[in-house]
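Quick notes on the structure that follows.
Each chain gets a letter, A, B and so on, in the order its sequence line appears, and its residues count up from 1. Atom set for the values below is all heavy atoms of this structure, side chains included, hydrogens, waters and symmetry mates excluded.
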Amino acid sequence: MTLSQAKAVFIWGTVSSAVILLALTYNSLSQIPQRTHEDRLDAQVASGKWVWQKHNCNDCHTILGIGGYYAPDLTKVMSYRDAGWMKRFLKDPEKVWPADRKMPNLHLTDQEITELTAFLGWVNGIDTNNWPPKPVAAAAATASEKPGEAVFKAQGCSACHTINGVGGKVGPDLTKVGGRRTKEWIEEQLKNPKSHNPDSIMPSYAKLPEKDREALVDYLSGLK
Amino acid sequence: MKYESQKIAYNYFVVATLLFGLQVIFGLITGAKYVWDFDPLLNILPFNTARAIHINLLVVWLLFGFMGGTYYIVPEEAKTEIYSPKLAQLQLWLFAAIGVTAIIGYIAGWSWGMPFLEQPTVLKIGIVVVALIFLFNVFMTMIKTKEWTVIQGVLLGGLVMLALLFLFGIFFMKNLTTQYYYWWWVIHLWVEGAWELITGSIMAFILLKLTGVDRELVEKWLYIEVGLVLFTGMAGTGHHYYWIGTPKYWLWVGAVFSALEPLPILFMVIDTLRDVKERKVEIENKLVLYWAVGGVVMHFFGAGVWGFAHTLPQINQWTHGTQITASHGHFAFFGAYVMLNLTMIYFALPQIKGVKVFNQGLGFKAFWTMNFFMIIMVLGLAVAGVIQTYFQRVLGMDYLTTQGFMRLWFAVFWVSAWGFAAGALMYIIDFFTMGRIQKSPAG
């Protein structure tokens, strides 16, 4: 191969790939508004994105799978946490999730918390070609999941309580809680944890929708 | 060294070396947070700040190395002195000042918040100014040449590409998908485009000088290598567009082009080994030879093989966003760019210092120590990544519980990082003492 032939490889290789990238970029940009539901991207979401950036959240958490690997990916977080939980958590992370690996309290204002939660809610709607994929084992397990079990997961109860060996050690093990406590006791504990123990550090779940609380009580009292 | 102004490179190498040391220190702090969940620095230097500093320092010291390398190479290629040594000094101080401000800013909570591009906008504008000064100085030197060599052409092309792409990382976009779309134009097209061009031309220059093979042969291969790098790398950006809200066809485009990405690196390995085998002069500086050959081999495994291992969408859907990426990141940046910079420094430093013969013992120890421990580090992270992929992604275990199962491998990673740090320290000592302690050739 001569030098000029090598030069031709360089020029044509570069130009052809650049043309592919630019043409597909043009097409991608026309599809992104629909794939990301840009109509729902309001001023609050945009402000939330800036809160997300300003506090450098992305260097601990991945989002769309990109960023730091120190904390959970947040792409679909709003599929398994409700907005109320997220707001309580952002206000005081340690209180809601007393895990050993801690998130610092960012001292966000209520407005910032609302904006950030709106941003995460919008990200949740992005069409990510089904990423992250449904876990093979969990897909089988959720088929038989009780409604209360879903509430248990969504509210992050396992941060403190263990069931069947999985979960935190801050609160009591709940594997057989249905054998120890009545339905009424559990319901009271959820609404007002201090009623049974004035020193309890468990947050109150009085604001949980009635339907969810009932499901949760049914689920827990069934654990025998 | 034939031109006085090549000495400008020295100060760039000094800053690069110091920042490398600092990068390793911040790496050890960041890594410790994976080994122990309890973090005494939670409110002073949390993980995100430590990580941002660790990676920013990496990028900045490599850029200082590239700049120093450029100032060393261009006079010899263009056969003229640097256009303005004063501008080169100004550029160095300005860039260093911006770097220091950025780091202090991060600790104080001043961030723009996109990974690796955390520099607040005003500092980014400063970086653009630094790039403009640099390009102006290099270009004004090159146009004095009577004969445009391929090496300086590719080098200039790489530097211009590097500066232009940075512009895509400055603007705030409301849509996270669009923001990340262009973010990859900086991150991916730097390391799998512009930086490869700079690396290719620096390697070509060193091989030419070291082995005495024909310039035409070296430049022919340079054209082919960078041609293939850009052919596979530009459309290969698609492997970052699988899951970020971009259309489905990227799964195909990204897979096909990025599967070819190891090819130009393989060519680089073959080319280097052939040049060394067919050398026309005896290679006196064996240490440079080791860094150069070791560098292309580690480049191939770290960027090529480790990258290929998780680049196909069928695999990437499970591994994306896990420690597999961190393992690849460490391996690729060390193999491709850290080793290239150290090759350049070990090539240029004795000539700048006017040292004909120097004791290479410490340099060799640094070479083997860094390489050995980096391999253990990336294997440790790879095992952690496989555990994470299997437990969390395949079985559906929750994030934090999975982290507990990975702890042993984080410890392996972190302990070997101390070994790596020892190797880096040997290099730093060697850098500053070279020429001060004159030894006989046998010593």
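Contact annotation for B:Tyr390: neither backbone nor side-chain heavy atoms come within less than 4.5 Å of a heavy atom of chain A. Of the atoms belonging to B:Pro46, it is side-chain heavy atoms, and not backbone ones, that fall under 4.5 Å from chain A. Using a 4.5 Å cut-off between heavy atoms, B:Tyr399 touches chain A through its side chain atoms alone. Of the atoms belonging to B:Val229, not a single heavy atom falls under 4.5 Å from chain A. Heavy atoms of B:Thr402 lying under 4.5 Å from chain A are absent altogether. Contacts of A:His55 with chain B are made by backbone atoms alone, with heavy-atom separations under 4.5 Å and no side-chain atom involved. Neither the backbone nor the side chain of B:Leu117 comes within less than 4.5 Å of any heavy atom of chain A. Interface remark: B:Gln403 contributes side-chain atoms only to the contact with chain A (heavy atom separation under 4.5 Å). Interface remark: B:Gln179 contributes side-chain atoms only to the contact with chain A (heavy atom separation under 4.5 Å). Looking at B:Leu228, neither its backbone nor its side chain comes within 4.5 Å of chain A, counting heavy atoms on both sides. Contacts between B:Trp183 and chain A at a heavy-atom distance below 4.5 Å involve the side chain alone, from C-beta outward. Residue contact with chain A, scored on non-hydrogen atoms closer than 4.5 Å, involves the backbone and the side chain of B:Glu216 alike. With a 4.5 Å cut-off on non-hydrogen atoms, A:Ile63 touches chain B through its backbone and its side chain both.
Between the side chain of B:Arg393 and the backbone N or O of A:Lys134 there is no donor-acceptor pair closer than 3.5 Å. Remark: the backbone N or O of B:Gln317 is paired with a side-chain donor or acceptor of A:Trp131 at under 3.5 angstrom. The backbone N or O of A:Asn56 lies less than 3.5 Å from a partner atom in the side chain of B:Asn48, making a donor-acceptor pair. In this structure a side-chain-to-backbone donor-acceptor pair under 3.5 Å is missing from A:Arg101 to B:Asp37. Under a 3.5 Å cut-off, the side chain of A:Lys102 and the backbone N or O of B:Leu42 do not form any donor-acceptor pair. When atom types are taken as modelled, the side chain of A:Gln53 and the backbone of B:Met114 share no donor-acceptor pair closer than 3.5 angstrom.
Annotation: B:Trp252, atom CH2; neighbour count of heavy atoms from other residues, nucleotides and ligands within 6.0 Å does not exceed 12.
A:Leu64 contributes atom CG, which lies 16.0 Å from atom OH of B:Tyr242 (distance to the nearest 0.5 angstrom). Rounding to the nearest 0.5 Å places NZ of B:Lys220 at 15.0 Å from NZ of A:Lys7. Taken from NZ in B:Lys248 to CD in A:Gln31, the straight-line distance is 12.0 Å, to the nearest 0.5 Å. Distance check, rounded to the nearest 0.5 Å: CZ of A:Phe119 to NZ of B:Lys174 gives 13.5 Å. To the nearest 0.5 Å, the span separating CG on A:Asn105 from CG on B:Asn43 amounts to 8.5 Å. In this structure, the separation between CZ on B:Phe231 and OG on A:Ser16 is 5.0 Å, given to the nearest 0.5 Å.
When A:Cys60, A:Ala99, A:Pro72, A:Ala46 are compared by the number of non-hydrogen pairs under 4.5 Å with chain B, A:Pro72 comes out ahead. Considering only heavy-atom pairs separated by less than 4.5 Å from chain B, the leading option among A:Ile126, A:Asn27, A:Ile66 is A:Ile66.
Between B:Gly113 and A:Asn58, the closest heavy-atom pair is O-CB, 3.8 Å. Of all heavy-atom pairs between A:Ala6 and B:Ile224, the closest is CB-CG1, 3.9 Å.
Side-chain atoms of B:Trp250 and A:Ser28 form a donor-acceptor pair, as typed in the model, at a separation below 3.5 Å.
Between A:Ile20 and B:Met234, the closest side-chain pair of non-hydrogen atoms is not below 4.5 Å. Counting heavy atoms from C-beta on, the side chains of B:Leu230 and A:Ser17 never come closer than 4.5 Å. Between B:Leu189 and A:Leu21 there is a side-chain heavy-atom pair separated by less than 4.5 Å. Contact annotation: the side chain of A:Tyr69 never approaches that of B:Thr322 to less than 4.5 Å [non-hydrogen atoms, C-beta and beyond]. Inter-residue side-chain proximity for B:Ile244 and A:Thr128 is flagged as unmet; no heavy-atom pair is nearer than 4.5 Å. Side-chain contact check for B:Tyr249 versus A:Leu24: some heavy-atom pair is nearer than 4.5 Å. A:Asn130 is not listed as a side-chain neighbour of B:Trp243, based on a closest heavy-atom distance of 4.5 Å or more. A:Thr25 places a side-chain heavy atom less than 4.5 Å from the side chain of B:Trp185.
Here the rule is side chain to side chain donor-acceptor pair (under 3.5 Å) with A:Thr36, and of B:Thr178, B:Thr246, B:Thr177, B:Asn175 only B:Asn175 fits it.
By the 6.0 Å and 45° rule, A:Lys49 stacks over the aromatic ring of B:Phe172.
Using cut-offs of 30° and 60° on the angle between ring planes, the pair A:Tyr70 and B:Phe47 is parallel.
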